[in-house]
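Given the structure is predicted, the values throughout are model-derived calculations rather than measurements. Just follow the structure's listing: the first ligand is 1, and inside any ligand the first atom is 1.
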Amino acid sequence: MHRRRCRSAALVLGLAASLLVPTAVAAPPAAAATPGSKKVIVQLFEWNWTSVASECTNVLGPKGYGYVQVSPPQEHVNAAPWWVSYQPVSYRIESRKGTRAQFQSMVTTCHNAGVKVIVDTVVNHMSGQDNGGTGWAGTTYGHYNYPGNYGAQDFHYCGRNGTNDIVNYSDRYEVQNCELVNLADLKTESDYVRTRLATYMNDLLSLGVDGFRMDGSKHMPAADIAAIKAKLSRPAYMVQEVIYGAGEPVQPTEYTGNGDVHEFRYGKDLARMFNSERLAYLKNFGEAWGYLPSSQAVAFVDNHDTQRDGGVLTYRDRGEYALANAFMLAWPYGTPAVMSSFTFSNKDQAPPSDATNKVLNTTCYSGWECEHRWRAIANMVGFNNAVQGTGVSNWYDNGYQHIAFSRTGKGYLTVNDEDFAVTGRSYYTGLPAGRYCDVIHGDFSNGTCSGPVVTVDSAGWFAATVNAHDAIAIHIGAKLP
Ligand code: ARE
Ligand code: CA
């Protein structure tokens with residue numbers, strides 16, 4: 001048996017380390033993809049607006065990211081943990097991440113860099129503070145009282161289980177009418193509440209926002225979200241957070257009529273293939289695994305919740321994490337979303353902040369991981385853009401942890417997650433003959449490659465050694481003249 005993992009530390013650190021090198025970001029804005037063909041989302045979790053803006057200009061635009069997903073911008077309860085963002089107290093665009101003016105300027109700057117903005121939007125609930133308090137921007141509130149916005153009549157009090165809290169996820173009524181971790185649950189069936197929520201979202205649209213990540217969607221009937229959406233002033237992208245739970249009555253598929261839905265099974269299954277099963281099984285990864293329709297799914301290796309809860313690969317897995325992201329960005333399932341984290345040792349830990357809880361500017365590699373800048377991830381965004389519209393062909397696997405495939409006529413990826421190098425093999429790509437930049441190990445710019453070059457012969461083959469826990473990727477957007 002070819003069972004998993006007696007991995008030498010030296011091997012992992014030595015070879016995988018090359019996958020963690022930051023990409024060159026000085027390159028001029030890419031010719032990149034035509035507008036509309038850039039699908040990849042990056043979640044800049046808890047970044048402040050000033051830092052998001054400069055990242056759009058300096059990295060996201062040049063590297064071909066299509067969308068940036070930002071953390072909730074509305075006023076929130078005031079405390080240190082990151083999750084205060086998920087406890088709204090008013091809809092003023094005024095938060096630890098910046099002011100309304102900074103937010104507005106960030107949207108404009110990102111648009112100028114060719115990057116659209118998706119806003120994490122909290123509409124299921126308000127705060128979870130039993131005794132109320134004063135919000136970030138000075139608004140005084142009670143648990144069920146948000147002056148000028150909501151009063152006691154606008155909330156659910158399910159009164160089950162001796163409290164108002166959700167206990168049993170097998171009960172649809174409870175999931176949608178009780179409180180998620182004590183968060184005051186809005187009556188999203190009420191027209192007043194729907195209008196108030198749509199007014200907030202329309203305010204964001206007026207600032208130029210392109211889409212919404214609908215937080216806690218499972219906790220609202222799909223029809224309530226549809227009714228809010230119907231009140232929006234213009235069409236906008238929507239992705240709903242509905243965590244698939246085995247045996248639960250509320251299913252992700254109920255929400256596809258409103259827009260896209262996050263496919264939570266993707267990251268868990270991918271981690272399992274890397275950690276204890278076989279990459280060879282990924283041959284039909286996607287809908288055949290029972291997932292949401294590809295055209296309506298957002299796929300991710302990890303997000304801000306799953307990276308804290310376990311069962312997925314995260315930045316802590318270093319090279320293996322880079323390989324999983326490279327696979328995601330090369331494989332045609334769903335819209336890929338790349339995570340970008342602040343590093344933490346405690347689940348509740350605040351993002352790097354000052355003494356008043358204001359989020360500090362991002363400095364990559366000092367409190368912030370910036371996975372989206374790792375060369376093996378950042379350059380695969382260009383791969384994803386270059387191969388849009390193509391299918392998979394020329395699949396190869398060794399039965400275990402070495403796989404390879406083409407995106408027909410446009411790109412080729414081989415991943416070797418074995419503990420040994422694969423030497424003396426040739427790979428059939430079907431790509432036009434020529435010299436290609438291996439974008440896993442080099443940056444392509446102005447017709448030159450800073451790393452190894454792969455030569456595809458006139459019959460579409462190349463020969464190369466693929467190191468242990470490493471990969472090679474080539475595509476027509478990074479072909480040398
Ligand atoms: C915090 C404290 C709580 C406290 C509360 C109110 O941790 O102890 O009671 O504040 O004072 C985030 C944090 C929470 C935080 C909350 C509010 O993760 O810890 O609570 O913000 O500040 C379910 C939901 C899913 C939700 C996850 C976390 O279905 O929607 O739980 N995810 C989103 C965001 C979170 C955010 C919220 C929602 C709330 O991404 O970051 O919470 O806005 C099964 C089920 C899932 C369920 C999961 C976990 O898998 O299938 O549906 O997810 O269990 O319970
Ligand atoms: Ca609800």
**Q** Under a 3.5 Å distance rule, please check whether Lys39 uses its side chain to pair with a backbone N or O of Pro336 as donor and acceptor.
**A** no

**Q** For ligand 1, which atoms have a heavy atom of Gly128 less than 4.0 angstrom away?
**A** 6 (C), 11 (O)

**Q** Is there a donor-acceptor contact under 3.5 Å from the side chain of Glu320 to the main chain of Thr314?
**A** no

**Q** May I ask you to decide if the ring planes of Tyr141 and Tyr146 are parallel, tilted or perpendicular, using 30° and 60° as cut-offs?
**A** parallel

**Q** Once you measure the plane-to-plane angle for Tyr333 and Tyr266, does it fall in the parallel (<30°), tilted (30-60°) or perpendicular (>60°) bin?
**A** parallel

**Q** Taking N or O atoms only and a 3.5 Å limit, does Trp83 qualify as a polar contact for ligand 1?
**A**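 Trp83 vs ligand 1: N/O contact under 3.5 Å present.
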
**Q** Just verifying a value: how many Å separate Asn361 CG and Asn48 CG, rounded to the nearest 0.5 Å?
**A**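 Answer for the CG-CG pair, Asn361 versus Asn48, is 4.5 Å.
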
**Q** Report yes if Asn182 has an N/O atom closer than 3.5 Å to an N/O atom of ligand 1; otherwise report no.
**A** no

**Q** Over 60° means perpendicular and under 30° means parallel, so tell me whether Trp331 and Phe405 are parallel, tilted or perpendicular.
**A**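 Ring orientation, 0 to 90° scale: perpendicular.
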
**Q** Do any nitrogen or oxygen atoms of Val181 come within less than 3.5 Å of a nitrogen or oxygen of ligand 1?
**A**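 Checking ligand 1 against Val181, an N or O pair does fall under 3.5 Å apart.
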
**Q** For the pair Asn303 and Gln307, evaluate side chain to side chain donor-acceptor pair (under 3.5 Å) and give the outcome as yes or no after the intermediate values.
**A** CA-CA 6 Å; Asn303 77 358; Gln307 70 174 190; over 6 Å; no

**Q** Can you find an N or O of Asp348 that's nearer than 3.5 Å to an N or O of ligand 1?
**A** no

**Q** Thr109 side chain to Ser105 main-chain N or O, any donor-acceptor pair under 3.5 Å?
**A**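 At least one qualifying donor-acceptor pair exists.
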
**Q** Cation-pi check, Arg265 to Tyr291: give yes when NZ or CZ is under 6.0 Å from the six-membered ring centre and within 45° of the ring axis, no otherwise.
**A** no

**Q** Report, in ascending order of atom number, the atoms of ligand 1 lying under 4.0 Å from any heavy atom of Glu248.
**A** 45 (C), 51 (O)

**Q** Suppose I only count heavy atoms of His304 and a 4.0 Å limit; which atoms of ligand 1 are within that range?
**A** 34 (C), 35 (C), 40 (O), 41 (O)

**Q** Which ligand 1 atoms does His125 reach within 4.0 Å, using its non-hydrogen atoms?
**A** 39 (C), 43 (O)

**Q** Does any N or O of ligand 1 fall below 3.5 Å from an N or O anywhere on Glu241, backbone included?
**A**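 Between Glu241 and ligand 1 (N or O atoms, distance only) the closest approach is under 3.5 Å.
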
**Q** In terms of atom number and element, which parts of ligand 1 are under 4.0 angstrom from non-hydrogen atoms of Asp305?
**A**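 So the answer, numbered in order with elements, is 18 (O), 28 (C), 32 (N), 33 (C), 34 (C), 35 (C), 40 (O), 41 (O).
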
**Q** May I ask you to list the atoms of ligand 1 that are less than 4.0 angstrom from any heavy atom of Gln129?
**A** 11 (O)

**Q** Under 6.0 Å from the six-membered ring centre of Tyr65 and within 45° of its axis: does the NZ or CZ of Arg373 meet both?
**A**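 No, cation not above the ring by the 6.0 Å, 45° rule.
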
**Q** Return yes when His219 approaches ligand 1 closer than 4.0 angstrom through a heavy atom, no otherwise.
**A** yes

**Q** Mark yes or no for whether Glu46, through its side chain, and Pro351, through its backbone, hold a donor-acceptor pair below 3.5 Å.
**A** no

**Q** If the cut-off is 4.0 Å to any non-hydrogen atom of Gly216, which atoms of ligand 1 fall inside it?
**A**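 By the 4.0 Å cutoff, the relevant atoms are 30 (O).
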
**Q** Do we get Arg92 above Tyr200's six-membered ring, with its NZ or CZ under 6.0 Å from the centre and within 45° of the axis?
**A** no

**Q** May I ask whether Arg213 places a heavy atom under 4.0 Å from ligand 1?
**A** yes

**Q** Closer than 3.0 Å to the Ca ion (ligand 2), which protein N, O or S atoms?
**A** Asn124 OD1, Gln176 O, Asp185 OD1, Asp185 OD2, His219 O

**Q** Measuring from non-hydrogen atoms of Phe45 to any atom of ligand 1, is the shortest distance under 4.0 Å?
**A**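 No, Phe45 has no heavy atom closer than 4.0 Å to ligand 1.
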
